[in-house]
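Inspection log for the structure reproduced underneath, given as structure tokens.
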Amino acid sequence: MGNENLDELDKPIVDTRATGIAAPGQAPPPLVILAIDDDPGMLRFYKAALTNESVRVESSTDPLRAVELAESLNPNLILLDLTMPGIDGMEALRRIRLRDPEARVVMITGDYSIESAIRAIQAGATDYICKPITPDKVRGIVQEAREQVDLTRRESTLENQLAEVFSLEGMIGRSPNMLEVFDLVRRVAPHLRTALITGETGTGKELVARALHELSPRAHQRIAVFNCSALVDTLAESQLFGHRKGAFTGAIADQAGIFEWANGGTVFLDEVGDLSQAAQSKLLRVLENGEVQKLGLPQSITVDVQVIAATSRDLNVEMKSNRFRPDLWYRLNMVQIQIPPLRERREDILLLARRFLLDFASQYRKEIHKISRRAESALLAHSWPGNVRELENVIGRACMLTRTRMVDLEDLPEEVRNQSVRTAASPTTMEDAEKQAVVHALGITKNKALAARKLGISRARLYRLLTKFGLDDDLPTEERFNEAADE
Ligand SMILES: Nc1ncnc2c1ncn2[C@@H]1O[C@H](COP(=O)(O)OP(=O)(O)OP(=O)(O)O)[C@@H](O)[C@H]1O
Ligand SMILES: [Mg+2]
């Protein structure tokens with residue numbers, strides 16, 4: 001597997017600055033540039049220098065107003081004067097980057113100093129340029145921004161295409177593990193009789209079950225979903241298999257069970273490990289010869305259903321302690337689909353996160369376009385005990401909280417945020433700095449070999465550092481897929 005695929009993990013599906021992705025043959029929309037300078041002469045100069053370019057130049061002499069404009073216009077490039085009355089360029093830069101940590105801001109100054117240049121770059125400026133500045137130089141800056149925007153546009157189009165390829169009936173994933181699951185679902189569904197889906201909570205067992213049904217010949221028939229842990233024994237039995245009037249207190253009329261209701265279609269039994277012994281033996285009869293034993297009815301009725309069962313427990317353990325019938329397990333287990341936990345398929349994390357982001361943004365009618373890089377690093381580093389459901393909740397909450405058009409670190413819950421290293425935080429010791437650099441490089445590259453190269457150290461040294469900081473297990477392990485490519 002090439003590294004290109006993993007590199008794309010770092011890129012947003014839709015970038016705010018890549019608005020209006022042009023259809024083939026259509027000219028891309030002009031770049032939006034915001035020029036901020038207290039000297040109106042400078043603003044006229046920028047406009048004159050760029051008259052022949054495909055750009056839209058907005059400008060302001062008031063830095064406070066400009067900060068607002070930066071938020072509402074979402075420009076592709078901001079040209080920002082350093083010395084201005086009111087708030088100075090540095091403060092304006094800080095406020096702009098606070099709202100959009102990825103804004104492309106070029107500082108332009110009449111009084112150069114190394115300290116202010118360093119401060120500007122540290123505060124996130126893309127570049128720091130001294131006046132006097134020539135029209136050619138302005139066009140050069142714009143050209144660089146344009147190349148960056150084009151790149152992002154191409155990547156986001158590619159990303160959208162990839163998302164289409166790597167989805168099946170509403171499930172998305174690009175990890176080799178998940179692609180295997182998709183493949184199995186596609187192969188099994190046409191001949192489905194029974195299947196067992198295993199996986200931790202929130203891994204997508206119900207989605208897989210629905211996909212199996214949708215891709216099966218019975219897709220146009222009913223699917224009944226039943227959670228075996230939701231009801232106590234008799235009630236569960238009566239719901240599943242039905243009952244006759246008077247079969248138990250409260251059975252005031254004859255009632256068809258779920259198997260009867262879904263006859264001809266599919267029954268999905270969630271948490272099948274929680275079925276009572278009595279229900280288990282009744283289920284076995286349904287699977288073996290299609291016979292449904294209604295409560296209070298001596299003879300059985302016949303149904304024709306396909307049964308999909310799911311469990312988040314280890315049924316082997318349940319069998320050993322005699323809580324689950326081995327004969328039922330053999331029946332169900334003829335086809336087993338194992339869904340790996342999210343921590344074992346980190347390539348899916350950002351793909352899923354971005355999809356959820358788009359969904360929640362439209363649900364909340366908020367204009368949220370992306371997740372900041374540092375927030376993405378935190379998402380990648382988290383271990384996701386609640387799997388995809390946890391990720392969905394985290395993104396949902398973040399979309400609700402964010403006041404900007406992007407989800408950033410502060411919108412993530414503490415347990416996720418803590419996994420990341422705030423690049424802005426100042427380290428207290430050399431060791432801290434070393435650790436931060438390592439974690440950051442791994443967050444970006446998601447590959448130990450690449451991270452070592454980025455850090456300018458040998459792989460052996462990186463491994464020593466990982467052991468020293470006890471980071472070995474916490475970090476993305478995609479190197480499994482990449483190291484071969486790296487050799
Ligand atoms: N591959 C995926 N692509 C998109 N959404 C997913 C994917 N996997 C899971 N989800 C979403 O995550 C949530 C949890 O999925 P689901 O209910 O299928 O999990 P589960 O394994 O049945 O969990 P539980 O064991 O708790 O019942 C759902 O909202 C589902 O839509
Ligand atoms: Mg479920």
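Only this structure's heavy atoms are used, side chains among them; waters, hydrogens and symmetry mates stay out.
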query = Does the pair E180 and R345 meet the rule for a salt bridge (Lys or Arg N to Asp or Glu O under 4.0 Å), with working shown?
reply = CA-CA 12 Å; E180 243 172 66; R345 45 182 168 115; over 6 Å; no
request  = Check the pair T302 / V292 against side-chain contact (heavy atoms from CB on, under 4.5 Å), numbers first and verdict last.
outcome  = CA-CA 6 Å; T302 310; V292 171; over 6 Å; no
request  = Just do the side-chain contact (heavy atoms from CB on, under 4.5 Å) check on L401 and V407 with the steps written out, would you?
outcome  = CA-CA 9 Å; L401 288 180; V407 162; over 6 Å; no
key: Intermediate values then yes/no, side-chain contact (heavy atoms from CB on, under 4.5 Å), V286 and F241   = CA-CA 10 Å; V286 178; F241 308 105; 3.9 Å; yes
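In this structure, CD1 in I308 is found 4.5 Å from CG in L212, a value given to the nearest 0.5 Å. For the atom pair H220 NE2 and E214 CD, the distance stands at 11.5 Å (nearest 0.5 Å). Between the CZ atom of R331 and the CG atom of L328 there is a distance of 10.0 Å, given to the nearest 0.5 Å. In this structure, CZ in R97 is found 11.0 Å from CZ in R104, a value given to the nearest 0.5 Å. In this structure, CG on L284 lies 5.5 Å from CZ on R325, to the nearest 0.5 angstrom.
D408 and S372 share a donor-acceptor pair across their side chains, judged by distance under 3.5 Å alone. E390 and N393 share no side-chain donor-acceptor pair at under 3.5 Å. S216 and R218 are not linked by any side-chain donor-acceptor pair at a separation below 3.5 angstrom, with hydrogens and angles left out of the test. Between the side chains of H213 and Q221, no donor N or O sits under 3.5 Å from an acceptor N or O. One side chain, Q306 or T266, offers a donor N or O that lies under 3.5 Å from an acceptor on the other. Judged purely by distance below 3.5 Å, without hydrogens or angles, the side chains of N227 and S229 pair a donor atom with an acceptor atom.
Listed for the T402 side chain is no donor-acceptor partner under 3.5 Å among the backbone atoms of C399. Judged purely by atom type and a 3.5 angstrom limit, R222 has no side-chain atom pairing as donor or acceptor with the backbone of N263. Side chain of W384 to main chain of L379: a donor-acceptor pair is present (N/O by atom type, distance under 3.5 Å, no hydrogens or angles).
L93 and A123 make their closest contact through CD2-CB, 3.6 Å (heavy atoms, listed as atom of the first residue, atom of the second, distance). The minimum heavy-atom distance between N177 and P340, with the atom names listed, is CB-CG, 3.6 Å. In terms of heavy-atom proximity, M406 sits nearest to D100 at CE-OD1, 2.9 Å.
For R323, the CZ atom sits in a packed shell: over 12 heavy atoms of surrounding residues, nucleotides or ligands are nearer than 6.0 Å.
One finds a salt bridge joining D274 and R313 here, because a Lys/Arg side-chain nitrogen approaches an Asp/Glu carboxylate oxygen to under 4.0 Å.
For the side-chain contact (heavy atoms from CB on, under 4.5 Å) with H382, the lone residue among V416, I349, V394 that qualifies is V416.
Residues L240 and L269 are in side-chain contact: their nearest non-hydrogen atoms beyond the backbone lie under 4.5 Å apart.
Between F226 and F268, a ring centre-to-centre spacing not shorter than 6.0 Å is recorded.
Applying the salt bridge (Lys or Arg N to Asp or Glu O under 4.0 Å) definition to pairs two or more places apart or across chains, those involving residues 279-294 are E237-K282, E260-K294, R285-E291.
Ring planes of H243 and F248: perpendicular class, angle over 60° (limits at 30 and 60°).
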